[in-house]
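One structure below.
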Amino acid sequence: MININEVLNLLQSPESKNLICRTLEFRPQNLAMFIAALSNMPDEYGYILIGASKNTDQYSITGISAGFKIDEPIKRALGLLTEQPIVDFGHLNIEGKNLYAIKVKRITSDIFLKSTHNIESQPDIFIRDLYLACIKLQARKIYVNATEDERNDFIADLLETNGYRLKDQTRRGSSAIGKSSGEVDIFIEKNGMPFTIIEALNLSSLNTSYLNTHLDKIYSYDTTGNVFNVCLSYVKVKDFGSFWDKYCAHVKNHEYPVMLISSDINADKDYSYSDIRFMTTTHNRSGKTTCLYHICVKIQET
């Protein structure tokens, strides 16, 4: 049931992460992204408010027509999701103005948008080529104690051999401290246009602060909003399985610069190797769905 007191508390709270406000929204794809994002949050429920805007502790009720209905777009939005969350929707009146509210209840399983591309899509092909490059990196003993740049050079060389146009250490976007353009680890073009960014790092443990910095860098470097980007970690730990479980749990709950919609820890189900793992997080960037691949490669101990 829609509860007006719950809505008012969320509007007035500066920390209401389980509230999404839009002055107007009819598109099923966007509604699906918002519903998925709320259903995957740790809070018991969340609200999508149409006819309102909010910035930290300030909100504004713009209002909508009393005849405003989006029942059909909501049904279409639910059809785009892999799981069906519990939702309730209807009109509210706040400050004498009409709003439309969608209440989304959290469920235990991850919800994400259904795939709209086949296995041979450009991201899939690229990830397959990158995965093969990582296998070759693992087999070269020379890279067991290598620097991040040395490993990146090897990966970049193999990708170029496969026909990708690369620019490594390209100055692009803003740095982590926002003072000047940062250096992208591997920047890939296709037909002269930005294609994807690989942000790489060496990890000897789950250093969450260091990892968070690199995750956030990706979005400052990606100035166009690529369909997908990659966070590639070269991992040197004894218990890779335990590390992977902790990594997945962390990146599923990280506060990204763009809205997190969902995560898929089974994205690598078609890849059988135990010491190269990847998962994906799906994000809403300016109303479009983008994907971040998280690839962890175990580097064998000497």
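Hydrophobic clustering places I142 together with V297 (ILVMFWY residues linked when any side-chain heavy atoms are closer than 4.5 Å, directly or through intermediates). Cluster annotation: Y47 is not connected to I86 through the hydrophobic network of ILVMFWY side chains, with a link wherever side-chain heavy atoms come within less than 4.5 Å.
Within the structure, salt bridge (charged side-chain N to carboxylate O under 4.0 Å, His left out) pairs that include any residue of residues 277-292 comprise D222-R285, D268-R277 (at least two apart or interchain). Within the structure, the salt bridge (charged side-chain N to carboxylate O under 4.0 Å, His left out) test picks out the following pairs touching residues 3-13 (sequence neighbours left out): E6-K103. Residue pairs meeting the ring pair (Phe, Tyr, Trp, His ring centres under 6.0 Å) criterion with at least one member in residues 63-84, sequence neighbours excluded: F26-F68, F68-Y100.
For the residue pair N284 and I261, the shortest heavy atom distance occurs at N-CD1, 3.5 Å. The shortest heavy-atom contact between C21 and K54 is SG-CB, 3.9 Å. Across Q300 and V144, no two heavy atoms sit closer than the pair O-CG1, 3.2 Å. Nearest heavy-atom pair, T62 versus A52, reported as atom, atom and distance to 0.1 Å: OG1-N, 3.7 Å. Heavy atoms only, all atoms of each residue included: G90 and I2 are closest at N-CG1, 4.4 Å. Residues I35 and P85 approach most closely at CG2-CG, 3.6 Å, considering heavy atoms.
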Taking it one step at a time, do K105 and D88 satisfy side chain to side chain contact (heavy atoms under 4.5 Å, CB included)? CA-CA 9 Å; K105 187 174 182 180; D88 194 10; over 6 Å; no
Check the pair S286 / V258 against side chain to side chain contact (heavy atoms under 4.5 Å, CB included), numbers first and verdict last. CA-CA 8 Å; S286 301; V258 297; over 6 Å; no
From CA spacing to verdict: side chain to side chain contact (heavy atoms under 4.5 Å, CB included), Y221, F187: CA-CA 9 Å; Y221 293 159; F187 176 67; over 6 Å; no
Might you work through the side chain to side chain contact (heavy atoms under 4.5 Å, CB included) test for L8 and I94, ending with a clear yes or no? CA-CA 8 Å; L8 286 171; I94 296 178; 3.9 Å; yes
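Listed by chain and number, the residues in a side chain to side chain contact (heavy atoms under 4.5 Å, CB included) with N202 are E148, R151, Y234 (sequence neighbours excluded). In this structure, E95 has no salt bridge (Lys or Arg N to Asp or Glu O under 4.0 Å) partners at least two apart in sequence or on a different chain. Scanning for side chain to side chain contact (heavy atoms under 4.5 Å, CB included) contacts around C291 gives F228, T280, Y293, with sequence neighbours left out. Applying the side chain to side chain donor-acceptor pair (under 3.5 Å) criterion to N207, with sequence neighbours excluded, gives no partner residue. For I135, the side chain to side chain contact (heavy atoms under 4.5 Å, CB included) partners are Y131, L132, Y273, I276, not counting sequence neighbours. Partners of H283 according to the ring pair (Phe, Tyr, Trp, His ring centres under 6.0 Å) rule, which considers only residues two or more places apart in sequence or in another chain, are Y219, Y256. N30 is linked by a side chain to side chain contact (heavy atoms under 4.5 Å, CB included) to E25, R27, M33, F34, counting only residues two or more places apart in sequence or in another chain. By the ring pair (Phe, Tyr, Trp, His ring centres under 6.0 Å) test, F154 pairs with Y143, sequence neighbours left out. Residues forming a side chain to side chain donor-acceptor pair (under 3.5 Å) with T147 (at least two apart in sequence, or on another chain): E150.
Between L292 and L215, the closest side-chain pair of non-hydrogen atoms falls below 4.5 Å. No side-chain heavy atom of S65 sits less than 4.5 Å from a side-chain heavy atom of N98. Put simply, the side chain of I198 reaches to within 4.5 Å of the side chain of L159, judged on heavy atoms. Side-chain contact check for V235 versus Y247: every heavy-atom pair is 4.5 Å or farther apart. Side-chain contact check for L49 versus L11: some heavy-atom pair is nearer than 4.5 Å. Within the 4.5 Å cutoff, the side chain of T290 has no heavy atoms near those of the N226 side chain. Counting heavy atoms from C-beta outward, L201 and C231 have side chains that approach closer than 4.5 Å. Contact check for R22 versus I48: no side-chain heavy atoms found under the 4.5 Å cut-off.
Listed for the Y45 side chain is no donor-acceptor partner under 3.5 Å among the backbone atoms of N18. In this structure, the side chain of Q138 engages the main chain of K298 through a donor-acceptor pair within 3.5 Å. Remark: the backbone N or O of S263 is not paired with any side-chain donor or acceptor of K252 at under 3.5 angstrom. In this structure, the side chain of T23 does not engage the main chain of G51 through any donor-acceptor pair within 3.5 Å. S220 places a side-chain N or O within donor-acceptor distance of the main-chain N or O of K217, the cut-off being under 3.5 Å. Side chain of N152 to main chain of D185: no donor-acceptor pair is present (N/O by atom type, distance under 3.5 Å, no hydrogens or angles).
Residue L166 holds its CG atom at 5.0 Å from CD of E160, rounded to the nearest 0.5 Å. In this structure, CG on L232 lies 12.0 Å from NE2 on H294, to the nearest 0.5 angstrom. Here CD1 of I50 is found 7.0 Å from CD1 of I64. Values are rounded to the nearest 0.5 Å. Here the OH-CD1 distance, from Y164 to I125, works out to 6.5 Å after rounding to the nearest 0.5 Å. Remark: F278 CZ to N266 CG distance equals 10.5 Å, nearest 0.5 Å. With values rounded to the nearest 0.5 angstrom, I4 atom CD1 is found 7.0 Å from N93 atom CG.
In this structure, W244 and F240 have parallel ring planes: the angle between them is below the 30° cut-off, well short of the 60° mark.
Exactly one of T208, T281, D216 qualifies for a side chain to side chain donor-acceptor pair (under 3.5 Å) with H254. That residue is D216.
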